[in-house]
K.L.:
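First the structure, then my questions, so here it is.
Side-chain atoms are counted along with the backbone in the values below, which use heavy atoms only and exclude waters and symmetry mates. In this chain, residues are counted from 1 in sequence order.
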Amino acid sequence: MTTTINGDLLIGASAQHGSETAFRAIDPATGLAIEPAFGAANLDDVARACTLAQQAFDTYRDTALEQRAMFLEQIAQNILDLGPQLIERAMQESGLPQARLEGERGRTVGQLRLFAKVVRDGRWLGTALDSALPERTPPRPDLRLRKIALGPVVVFGASNFPLAFSVAGGDTASALAAGCPVIVKAHGAHPGTSELVGKAIQAAVAASGLPEGVFSLLHGDGRTIGQALVTNAAIKAVGFTGSRQGGMALVRAAAQRAEPIPVYAEMSSINPMFMLPDAMAQGAAKIGAGFVDSLVLGSGQFCTNPGLVIALEGAALDTFRAAADTALQGKTGTTMLTPGIHSAFNDGVNKLGKAAGVSLLARGQNGTTACAGQAALFETDAANFLANPALEDEIFGAASLIVRCSDIAQFKQIAEHLDGQLTATMFLTEADRDAAQALLPALERKAGRILINGFPTGVEVSHAMVHGGPFPATSDSRSTSVGASAIDRFLRPVSYQDLPAYLLPAALQDANPLGLWRVRDGELTQA
């Protein structure tokens, strides 16, 4: 399956060239523009996409579970059918290597298929039935509960995952699974990749017999098109992955609407790693080398990149430091996603290197491409870190800071001091049990995922995964953007009181035609 990249907007079933300022993707390896030109959407395009989504909503949210599941599976198959063309274009636009993008495509397809299973399973409906008790004083009416879709959702494509967090990524998959039409604001760094995937979804909408407004794809400036989408009355929720500045701009815009709506924004995290004493004594060199491998993975452009290491000063830290230094000096800088990200990374590294009380430990080797990132490792002491909040700022790329502690009590001080995080890690042995137990409550309050003896850069798409955390890691710590629970963001509960049988949705009918597990008078049953 080969699809032509025309630089189009996809509004419902149509494909058209935007009338606003034209732009081209940039190859970050060469700094050169890539054809074709893409026309940005105008406000009329935004209004049309939102109107189509609103018109499609009631029909789409009422689709049979099997039909919706098959629709998600058709999207997955259409993406696979794009074949090498998709990978080649994504490589050109992102600078990411073929193996990484093939793995990301597999993850994208896998999460669509996961949500197809979630839809069929039906547990996400949260069904509950409480039988009428007319003889009770006071009488209890017949009450039945299910969750329904919120309404049309806007998804903002992310820069660092042109497939898995973009047009058909986790936000789109979970919103479509919930029964919400989706309008994607494509990321300007990979518009051709976005058009290819957008056409795969558009084709699946048509093949599944769904209303055209179930999906649209728009290009354009986030401040103009993004704000217009978020403030359109038809939109009921937003999914975003990106900078804190961008995420908070959307949060403010959504809160100032006549009808405020939720914005699920994943924004910034430095993912602290607490190296407990015995673990370091037993394996500092191995941990140090593994840490560097995690740090430079994907040029450090993961939201779970290990940007902070907390360890006791002493011989074990010396060993860790030496191993990390040696490993980092052997790492050649690889291409970062965009010239802007590359420039911001260099600015962040320069700023941290000039901060009072911070010393540079090691740099990786210079790369050969236009936007190659040169990894950096810094060090400071706990007192300086605690006194300078700016040392907690995220640097998006392969840069990390070691915080040297004089005693184990400073571990707890740092944990309490930190902002919200996507992840927090402890390296430990059985001998570190007391220290780990003392740290754990603080880490539970600070992070969405807690790891033991591992590195945070892998995020499994599964039922038990949480990819979220307290602010500023996300704008809503009650949610996750990865895993089966991501569907909950785009649902709300509705209770039905004393409805006649002919008005009840299938999920709440006495005969249970969908075969769901339901809470009936307080007992879980499939009867």
K.L.:
Counting distance only, does the side-chain N/O of Q111 pair as donor-acceptor with the main-chain N or O of G483 below 3.5 Å?
P.N.:
no

K.L.:
If you look at every heavy atom in F115 and S174, which pair is closest and at what distance?
P.N.:
CZ-CB, 3.6 Å

K.L.:
Which of these, E394, R244, E392, sits in a side-chain hydrogen bond (donor to acceptor under 3.5 Å, both in side chains) with S268?
P.N.:
R244

K.L.:
Within a radius of less than 6.0 Å around CD of Q245, do more than 12 heavy atoms belonging to other residues, nucleotides or ligands occur?
P.N.:
no

K.L.:
Can you find a heavy atom in the side chain of M267 that is under 4.5 Å from one in the side chain of S475?
P.N.:
yes

K.L.:
Let me see the working for E266 and L422 under side-chain contact (heavy atoms from CB on, under 4.5 Å), right down to the final yes or no.
P.N.:
CA-CA 9 Å; E266 181 204 312; L422 293 172; 3.8 Å; yes

K.L.:
Of the options T369, T30, D27, which is the one that meets T335 in a side-chain hydrogen bond (donor to acceptor under 3.5 Å, both in side chains)?
P.N.:
T369

K.L.:
Could you pull out all residues at least two apart from R489 that satisfy salt bridge (charged side-chain N to carboxylate O under 4.0 Å, His left out)?
P.N.:
D171

K.L.:
On a heavy-atom basis, which atom in S462 and which in M465 lie closest, and how many Å separate them?
P.N.:
OG-N, 3.5 Å

K.L.:
Determine the minimum heavy-atom distance between H17 and G7, stating which atoms define it.
P.N.:
ND1-O, 3.1 Å

K.L.:
Does a side-chain heavy-atom distance below 4.5 Å link D221 with F23?
P.N.:
no

K.L.:
Taking S299 for its side chain and T334 for its backbone only, find out whether a donor-acceptor pair lies under 3.5 Å.
P.N.:
yes

K.L.:
Which heavy atom in S485 sits nearest to a heavy atom in H463, and how many Å separate them?
P.N.:
OG-O, 4.2 Å

K.L.:
When you measure from the side chain of T63 to the backbone of Y60, do you find a donor-acceptor pair of N or O atoms at a distance under 3.5 Å?
P.N.:
yes

K.L.:
Could you check if a side-chain atom of Q227 sits within less than 4.5 angstrom of a side-chain atom of V230, using non-hydrogen atoms only?
P.N.:
no

K.L.:
Flag this pair as yes if the NZ/CZ of R478 is under 6.0 angstrom from the six-membered ring centre of Y264 and inside a 45 degree cone about the axis; otherwise no.
P.N.:
no

K.L.:
May I ask you to test the H467-T304 pair for a side-chain heavy-atom distance under 4.5 Å?
P.N.:
yes

K.L.:
Among R89, E88, E93, Q92, exactly one meets side-chain hydrogen bond (donor to acceptor under 3.5 Å, both in side chains) together with T193. Which residue is that?
P.N.:
E93

K.L.:
Would you check if L163 and R107 make a side-chain contact, meaning some heavy-atom pair closer than 4.5 Å?
P.N.:
no

K.L.:
Check whether any side-chain N or O of R449 sits under 3.5 Å from a backbone N or O of P456 as a donor-acceptor pair, and report yes or no.
P.N.:
yes

K.L.:
Can a salt bridge be assigned to the pair E73 and R113 using a cut-off of 4.0 Å between side-chain N and carboxylate O?
P.N.:
no

K.L.:
For the residue pair S479 and D488, establish whether any side-chain heavy-atom pair is separated by less than 4.5 Å.
P.N.:
no

K.L.:
Would D393 and K351 satisfy side-chain contact (heavy atoms from CB on, under 4.5 Å), going step by step from the backbone distance to the final call?
P.N.:
CA-CA 11 Å; D393 290 348; K351 179 181 176 182; 4.0 Å; yes

K.L.:
So, the side chain of H219 versus the backbone of G39: is there a donor-acceptor pair under 3.5 Å, distance only?
P.N.:
no

K.L.:
Please give me the minimum heavy-atom distance between A22 and A37, naming the atom from each residue.
P.N.:
CB-CB, 4.3 Å

K.L.:
With the side chain counted from C-beta on, respond yes when T241 and F161 share a heavy-atom pair under 4.5 Å apart, and no when they do not.
P.N.:
no

K.L.:
Between L297 and F455, is a side-chain contact (heavy atoms from CB on, under 4.5 Å) present by the stated rule, with each step listed?
P.N.:
CA-CA 11 Å; L297 189 66; F455 299 98; over 6 Å; no

K.L.:
Is it the case that the side chains of Q74 and N78 hold a donor-acceptor pair, with the cut-off being a distance below 3.5 Å and no angle test?
P.N.:
yes

K.L.:
Show me, pair by pair, the donor-acceptor contacts under 3.5 angstrom made by side chains of residues 286-295, not counting sequence neighbours?
P.N.:
residue	atom	partner	partner atom	Å
D293	OD1	K331	NZ	2.7
S294	OG	T457	OG1	2.9

K.L.:
Under 4.0 Å between a side-chain nitrogen and a carboxylate oxygen: does that hold for E379 and R321?
P.N.:
yes

K.L.:
Under the rule for side-chain hydrogen bond (donor to acceptor under 3.5 Å, both in side chains), what residues qualify as partners of S216, not counting sequence neighbours?
P.N.:
none

K.L.:
Give me the atom names and distance for the closest heavy-atom approach of P272 to Q421.
P.N.:
CD-CG, 3.6 Å

K.L.:
Please check: side-chain N/O of D45 versus main-chain N/O of N42, any donor-acceptor pairing under 3.5 Å?
P.N.:
yes

K.L.:
Is it the case that more than 12 heavy atoms not belonging to R257 sit under 6.0 Å from its CZ atom?
P.N.:
yes

K.L.:
Main chain of A13, side chain of E212: is a donor-acceptor contact present, judged purely on distance under 3.5 Å?
P.N.:
yes

K.L.:
So, Q55 side chain and G213 main chain: donor-acceptor pair closer than 3.5 Å or not?
P.N.:
no

K.L.:
Do N232 and Q54 have side-chain atoms, one donor and one acceptor, less than 3.5 Å apart?
P.N.:
no

K.L.:
Is there a donor-acceptor contact under 3.5 Å linking the side chains of S269 and N271?
P.N.:
yes

K.L.:
Is there side-chain contact between V238 and F156, with at least one heavy-atom pair below 4.5 Å?
P.N.:
yes

K.L.:
Can any side-chain N or O of W124 pair as donor or acceptor with the backbone N or O of V118 at less than 3.5 Å?
P.N.:
yes

